[in-house]
Structures are given as structure tokens and as C-alpha cells.
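What follows is a single structure, written as C-alpha cells, with notes after it.
Only heavy atoms go into these numbers, but all of them, side chains included; no hydrogens, no water, no symmetry mates. Residue numbers run from 1 in the order of the sequence given. Start at 1 and go down the list; that is how both ligands and their atoms are numbered.
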Amino acid sequence: MAEKIKLTFLGTGSAIPTARRNHLAMLLQYKAETILIDCGEGAQRQFRKAKLNPCKITKILISHWHGDHILGLPGLLQTLNLNGYNGDLTIYGPKGSKTEFKEKISPYLNFYWKTSKQQGNQFNIIVKEIDEDIIFENDDFSIKSAEMDHGCPTVAYSFTTKKKNRLDKTKLAKLKLPNSPLIGELIKGKTVKINGKKINGKNLMYTEPQKKVTFILDTKINDNAINLAKESDLLISEATHSADEQETAEKYGHLTSVDAAKIAKKAKAKKLALIHLSQRYDEIPKIISNEAKKVFSNVIVPEDLDRLEL
Ligand SMILES: [Zn+2]
Ligand SMILES: [Zn+2]
């Protein structure tokens, strides 16, 4: 079976948190990778509620440095330190991230880490300011970013797995083959003879399809968002405002429910998840989803700690 992308909506709220919605944070797990997208205040407690271990984080992607997206960082990093986080941790963010980190986060860490010398391992944090396009790539997936329009340096991210031919390990195990260097040839899709039995490697292979998730956080509607989200299996987008508040949305550099749905439609995404709802719609998310559904049918409004797999 193909490995799935697992998403956990740790926080789905906007600038002001509510009892129902924490500040923004999302977690993407795929194979050995655990990527945190934004880290609003209280994100580390949401990990606990979701029974997830923050020490498994391999990368942090920051959309921009407004408080509701980053104020969870000092506490989270402090916890990782106390729990003996292993290795270096890279935080990706838009232009200016190095200064933002130095001014907004480092003072806390200097204080905590100096006063807890016996406890933590004081791991290395690398802050990478990213340009547009692919910011990370390996054999299994790539992460791309694009500049958004929010009045301060802001980026959106997409995560795309690679289409791959893979060996079906269950099928291979059923053949009960003895250890042989010829198994390596099977994996290449070749036909080999083991114990007098002719086995076609191609019959043991399956194609893992490409999957794409795009994260559009705070921004006005713009073409980069549509291009980045092209053919996403899942587009996770902010929808701070209702369609009635178009003017306010534009003034503060945010999307309305209908803006987000337009991006999903133009990008030919398969599914749209709306987050970063203003506290006005906290108890009535249906207003936001119903408006969006008039433009794009496959819409969900996740609650905190909801999970999705694709
Ligand atoms: Zn925000
Ligand atoms: Zn913002």
C-alpha cells in the first residue's frame, strides 16, 4: 500500500483564539518526515492533545511573522530542548526571517537555555530565508514556495510526493524467497530465476501516485496562489472573512470564503479545507463553507485536532 500523507489541524483559528479554535498550526507527516506549518501560540499543547510527539518534527515552515503564526515557537523550542531534541532543526520562512527570529524568538531562547544548562542539549536551529520555487527536495517529495500579498513578507507552501514504482513487500514476502542477491534484480523489475522458479519483478511492483497539498495562509487573492495550488489533491487555505466583508478582507490582506473557493476552482484542486476563520464565525463555520460551496463544491471547514489522510 502506498504511504499516505497524514495531516493534523492543530489550530484553525485566526488572530484571536477562541475556546474552540487555537492559533494556527498544522502538521504534515509523510514517511520519516514530520513538518510543522506555522506555530501559533499554544501549538505544543495541541500536539499533546493530538497525542503527537513534537520531538519528531523534522522541519518548520513559517508563512510569515505575525504573532498568530509564530508565538508558539519559544515554548515549543524550549520543550524540544528539555526533551533532548536530536539533530539540527531548520526553520524556513520568507525574506527577513533571520532578523525576525533574532528579534522575536532568540531573546526567549537565550533566557531559557542559559537558565537550563544542565537540562537541555541546546540543539542547533538553522533559519533559512527562502526564495520562490523549490526549497527542499529528496527522492520522496518536494516543497515549493511562492510569494503572497499580505503587507509583509509572506509565503505559501506546497508539498508534493513523487510518483514512484515501488516493490510490494507483502507480495514479495508471500513468495518466501531465500536471501539472494537476485532480489535486487527483482526490485529493478527484471525477471529472474530463484530456486528454479521464474519470477517477473514487474508483477511485484506498484506505482505510488503523486499527491499534492498546498497551504495558503494569510494573503489577498493573487495569481501566485493559483499557480502554486495547481492540481492540488488538497488545498488548505485561509478564509478569514465572509463574502460580505470583501472590503475588510482586501484592506487587511486576507481572503474571503469566496476568494479561497475561486483559487481552488481556478487551480483545479480536488478538495478545499478552510482555516484561519475570524472569531465571528467560530460557532457558525457553516456561513463560510456554504458561501465557498457556491463556487467550489468540495469544501470542508476542519475543527482543531481534525485529521485527514490522502
Ligand atoms: Zn493570521
Ligand atoms: Zn498575518
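Aromatic ring pairs are classed by plane angle as parallel below 30°, tilted from 30° to 60° and perpendicular above 60°; the pair Phe141 and Tyr30 is perpendicular.
Between His23 and His66, the gap from one ring centroid to the other reaches at least 6.0 Å.
A side-chain N or O of Thr240 and one of His276 form a donor-acceptor pair less than 3.5 Å apart.
A salt bridge links Arg20 with Glu283: at least one charged nitrogen is closer than 4.0 Å to a carboxylate oxygen.
For the salt bridge (charged side-chain N to carboxylate O under 4.0 Å, His left out) with Lys162, the lone residue among Glu137, Glu208, Glu3 that qualifies is Glu137.
Both Ile105 and Leu71 sit in one connected hydrophobic cluster of ILVMFWY residues. Membership requires side-chain heavy atoms under 4.5 Å apart, directly or through other members.
Residue-and-atom listing of protein N/O/S atoms under 2.8 Å from the Zn ion (ligand 2), sorted by chain and number: His64 NE2, His66 ND1, His150 NE2, Asp218 OD2.
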